[in-house]
Amino acid sequence: MDTRQIRQLAAKWANFGFLEPHQPLLVWYGAGAESLVYVDAQAAIVKTRQFAEVLAAELARRQRRPLNRPRSRGTNS
C-alpha cells in the first residue's frame with residue numbers, strides 16, 4: 001500500500017476519507033470493508049476487525065495509554 005493509493009481511496013470514499021490525515025490505515029481498511037460487504041462478507045468482517053484494531057491502537061496512542069495484551073493460554077502469572 002502506498003500513500004498515493006490511500007489518497008485516491010480517501011477522495012472516493014466519503015465515509016472514511018476524512019480519516020486520512022489522522023491515520024491512513026483507517027481509510028484503507030474502512031473502504032476495503034465497505035467495498036466487500038455485499039461481495040464477500042467474511043473478508044469484510046476481517047477488514048472491519050483490522051479497522052477496529054488500528055482505531056483502538058490510535059486512540060490508545062493519543063491517550064498515551066498502552067494497550068493491554070491478552071495473556072497466552074496456560075500462563076498463570
What's the verdict on side-chain contact (heavy atoms from CB on, under 4.5 Å) for H22 and R62, showing C-alpha distance, side-chain angles and the deciding distance? CA-CA 11 Å; H22 306 287; R62 288 173 181 248; 3.6 Å; yes
Roughly how far, to the nearest 0.5 Å, is the CD atom of E20 from the OG1 atom of T3? 8.0 Å
Rounded at 0.5 Å granularity, tell me how far CG in L55 sits from OG1 in T48. 12.0 Å
Hydrophobic clustering (ILVMFWY, side-chain heavy atoms < 4.5 Å, transitive) - are L59 and F18 grouped together? yes
Looking only at heavy atoms, the pair that brings G32 and K47 closest together is C-CG, 4.1 Å
Can we call the ring centroids of F51 and F16 under 6.0 Å apart? yes
If we check side chain to side chain contact (heavy atoms under 4.5 Å, CB included) with L19, which of these qualifies: L25, V27, V54? V27
Mind checking whether Q63 and E58 have side chains closer than 4.5 Å, heavy atoms only? no
